[in-house]
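Beneath this line is the structure, given in structure tokens, with notes to follow.
Keep in mind that this is a model prediction, so the values were computed, not measured.
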Amino acid sequence: MAQTKFDKQVDESAGSLAFGIGRFLAGRPMDGERKTDATFWRQGTRVLPKVEGKVSRSSYRAGWQRLTFRIGGLSATGAGGYWALWENQDATFATTRDVWENPDPAIAAAETGGIAVASAAAVGGVAYGLLTRKRREFMREWVRPLHEALAVPLGISELTDPRRYLHIPKNFSDDDAQIRIDVPTHMRFNEDLVADLIVKKLALENVSFTWRRAGKDTQVIVKKRKAPPKKLGLSDPGVREILAKMPESAPLIGLGSGRKKVSVDLDADSPHVLISAGTGGGKSTILRCITCQFIHNGALAFVLDFKRISHTWARGVPGVTYCRDIGEIHDALVRLAQEGRRRLTLAEQLADDVLEMEPWRVGPRIVILLEEVNATMAQLKRYWAKTRESGDPKTSPAIDALAEILFMGRQVRLHVLLVAQSATAQAVGGPAMRENFSTRILVRYTLNAWRMLVPEASPIPMASQHNGRVQVVTRGRAQETQVLNLSNAEAREWAMSGVHTKNPTGPQKTPAPATDLPDAWNTSSPEIPPTPAVDPAADRDVLADARSLTPPTPAADPVDTTAPSANPAPAPDPDNAVVGLREAYDNHLSDIVTSLKALRWARHNDPDFPGPVDKRGAEFLYRAGDLKKWARNRPRAHATDPG
């Protein structure tokens, strides 16, 4: 007898039910479609070929895991239902009857509960989004692009979850990090191509590949082969000797992979250096390392530090002018630009071969440290807006002076070391000004910062969280570098052990103040000194002193004292008066310094206290203007300071 349509439906339903129970107990997918290579005992690593559509996470679980979840869920549901229905059946029936007769309280409770559940879900969703933001960014920027590149060479489906076979730690750029990639057991792929793709997509350098081909677990392990040193200090073996042998124009920044020396030559590579790093990235450490080497070799340093405390090691060091007040920073930039014009005029008078062989003829090297340019540029604009008078240009002369210095080139031997947390074109002064920094040092950068500052350097390496680890980018090539970390005492000792201290009789013993730079529009240059008979390298200190920032005072014309003077002599400038401490306090500093005792205490304890310019018997004499400048900008008194 033929089966009816109803009988066929019953048989199909019974068969489907039997198959469903079998799949449930076997831990297989309930729809019967196997989407991954997972088995009952082993988790899946990749999607099977010809599978379409989204693959859920449960498809990667082993069969015993799915069976455990299913049985556990059924047990919990059954136990909860039993307790609700049988243990509390009287209360349940009474509650149901009350709700049926008076539904308003139940509706109000449901509304309140719904609002509470929705609020909790919203808060939980926001918290989950914030907590997993970095993980999602890591997957989007690094893991998924590598998966898309390896899917075809490895012969796996692009629908495969990359986390199932790409085991990449978030700190994979660290020295001791290890990357593991599970590859197909058939090994029908080009190993060299796969290794090349891994290096390119993860921006790795100096890594080793270990292939494990035996058995069913085939993997490739990627590790760093020649990482930079984890720490680098002056006390490390050979570091002091390396510093002593570095060229005068190329200070050591640190050591790269294989302990390779990393430096920037300001005469050959780039006259200016840009440092981009967030708070705590070690900007001051990098500047301290570079600047103390320049001072050691005879350069003059102008520290423009609006924060006032970034480079305490440089206070009182010969050859250093420390500008902390925004007015001082403004004046220093203007007069440094004037010095650059003077040097340009002098360079025009020199033959190209002379300037190439004897660059010191234009004057000593000047290094300008511009700290926190984002805040300093804003303060310079506000300062000029307050002090400008009618008819003055709207743009701050200090900002124009900085732009002029950046465009002058390496021939004038003026070099800017600029620090910025976010070196946008607006913060630096414009896109053209930022392009003058051929060497850029990036610390704890974001991908956006890398694309903005060094888009030509590709691929983008992962930013390391290791203290002192930076990327030095020159000529489109990035070098991972461990920066030389000098303490304040070590940097001060190295700076003071150089040219300025060894040549105490020269004019560079006391740092040249910004107010002593040449007149703004004076383009006349002193007579070029004759070629020295001795070796320039051996006598460079004396030559540098001969070309110091302060121009020589021209000889006065003879004056006929018998003839009446047509123009009376101007009144003497009180700031140029040479006075002792008591006279300075009585006539110049009584409204700034609290007592003469405080002034004498500062002379022995404050490294920024100006040096004496003369001596009268046993009493030291000081320039009144230098004392006023120190008093206006000195740090506030400490508890041990009697003032």
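- Expressed to the nearest 0.5 Å, how far CZ of Phe407 lies from CG of Asn436 amounts to 4.5 Å.
- With sequence neighbours left out, Glu404 forms a salt bridge (Lys or Arg N to Asp or Glu O under 4.0 Å) with Arg341.
- Arg365 has a carboxylate O that lies under 4.0 Å from a charged side-chain N of Asp267, or vice versa, which qualifies the two as a salt bridge.
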Verdict with reasoning, Asn467 to Asn485, per side chain to side chain contact (heavy atoms under 4.5 Å, CB included): CA-CA 10 Å; Asn467 290 334; Asn485 186 6; over 6 Å; no

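- At least one donor-acceptor pair closer than 3.5 Å links the side chain of His272 to the backbone N or O of Leu406.
- Inter-residue side-chain proximity for Leu414 and Phe302 is flagged as unmet; no heavy-atom pair is nearer than 4.5 Å.
- Asp626 places no side-chain N or O within donor-acceptor distance of the main-chain N or O of Pro610, the cut-off being under 3.5 Å.
- Expressed to the nearest 0.5 Å, how far CD1 of Ile290 lies from CD1 of Ile253 amounts to 4.5 Å.
- Between the Ser595 side chain and the Ala598 main chain, a donor and an acceptor come within less than 3.5 Å of each other.
- Side chains of Met462 and Glu141 form no contact here, defined as non-hydrogen atoms less than 4.5 Å apart.
- A side-chain contact (heavy atoms from CB on, under 4.5 Å) with Pro397 is found for one member of Leu333, Val334, Asp331 and no other, namely Val334.
- Here Leu417 contributes atom CG and Leu266 contributes atom CG; the two are 7.0 Å apart, rounded to the nearest 0.5 Å.
- Val273 places none of its side-chain heavy atoms less than 4.5 Å from the side chain of Ile286.
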Do His466 and Glu480 pass the side chain to side chain contact (heavy atoms under 4.5 Å, CB included) test, and can you show the C-alpha distance, the side-chain angles, and the key distance before you say yes or no? CA-CA 11 Å; His466 187 85; Glu480 187 180 22; over 6 Å; no

Step by step, would you call Leu418 with Phe437 a side chain to side chain contact (heavy atoms under 4.5 Å, CB included)? CA-CA 9 Å; Leu418 186 143; Phe437 297 94; 3.9 Å; yes

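- Note that SG of Cys323 and CG of Leu336 are 8.0 Å apart. Values are rounded to the nearest 0.5 Å.
- Under the 3.5 Å distance criterion, the side-chain polar atoms of Gln293 are matched with a main-chain donor or acceptor of Leu252.
- Annotation for Pro169 and Ala177: closest pair CG-CB, 4.4 Å, computed over non-hydrogen atoms.
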Does Arg136 form a side-chain hydrogen bond (donor to acceptor under 3.5 Å, both in side chains) with Thr132? I'd like the steps, not just the answer. CA-CA 6 Å; Arg136 287 184 280 108; Thr132 60; 3.3 Å; yes

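- Remark: side-chain polar atoms of Trp384 are not paired, donor with acceptor, to backbone N or O of Ala398 under 3.5 angstrom.
- Atoms CZ and OH, from Arg388 and Tyr383 in turn, are 14.0 Å apart once rounded to the nearest 0.5 Å.
- Nearest heavy-atom pair, Ala491 versus Arg288, reported as atom, atom and distance to 0.1 Å: CB-CG, 3.4 Å.
- The pair Arg259-Asp236 fails the salt-bridge criterion, with no side-chain N (NZ, NE, NH1 or NH2) lying under 4.0 Å from an Asp/Glu carboxylate O.
- Side-chain contact check for Leu627 versus His588: every heavy-atom pair is 4.5 Å or farther apart.
- Side-chain contact between Ile326 and Leu380: present, with at least one pair of heavy atoms (C-beta onward) separated by less than 4.5 Å.
- Of the possible polar contacts, none joining the Arg434 side chain to the Leu453 backbone as a donor-acceptor pair under 3.5 Å is found.
- Trp313 is not listed as a side-chain neighbour of Val320, based on a closest heavy-atom distance of 4.5 Å or more.
- Counting heavy atoms of neighbouring residues, nucleotides and ligands inside a 6.0 Å radius, atom NZ of Lys628 exceeds 12 of them.
- Without hydrogens or angle criteria, Gln482 side chain to Leu255 main chain gives no donor-acceptor distance under 3.5 Å.
- With sequence neighbours left out, Phe609 forms a ring-ring contact (aromatic ring centres under 6.0 Å, His included) with Tyr622, Trp630.
- Scanning all heavy atoms of the two residues, the minimum distance from Ser396 to His330 falls at OG-CD2, 3.8 Å.
- Lys629 contributes atom NZ, which lies 10.5 Å from atom CG of Asp608 (distance to the nearest 0.5 angstrom).
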If you apply the rule salt bridge (Lys or Arg N to Asp or Glu O under 4.0 Å), what do you find for Arg335 with Glu339, and how did you get there? CA-CA 6 Å; Arg335 294 192 176 273; Glu339 171 66 8; over 6 Å; no

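- The two residues Val613 and Arg623 make their nearest non-hydrogen contact at CG2-N, 3.9 Å.
- Not a single ring-ring contact (aromatic ring centres under 6.0 Å, His included) links His415 to another residue, sequence neighbours left out.
- The heavy-atom pair separating Asp174 from Gln465 by the smallest distance is OD1-N, 4.2 Å.
- Using modelled atom types, one side-chain atom of Arg413 and one backbone atom of Gly363 make a donor-acceptor pair closer than 3.5 Å.
- Side chain of Trp450 to backbone of Leu442: no donor-acceptor contact under 3.5 angstrom is found.
- Below 30°, between 30° and 60°, or above 60°: for Trp494 and His296 the angle between ring planes is below 30°, a parallel geometry.
- Within the 4.5 Å cutoff, the side chain of Pro251 has heavy atoms near those of the Phe294 side chain.
- Of all the heavy atoms in Asp265 and Ala250, the pair that sits closest is CA-CB, 3.9 Å.
- Looking only at side-chain heavy atoms (C-beta outward), Val412 and Val362 stay at 4.5 Å or farther from each other.
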Could you go through the side chain to side chain contact (heavy atoms under 4.5 Å, CB included) check for Ser284 and Glu371 one step at a time? CA-CA 8 Å; Ser284 298; Glu371 273 278 1; 3.5 Å; yes

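- Asp305 contributes a side-chain N or O that, together with a main-chain N or O of Lys307, makes up a donor-acceptor pair within less than 3.5 Å.
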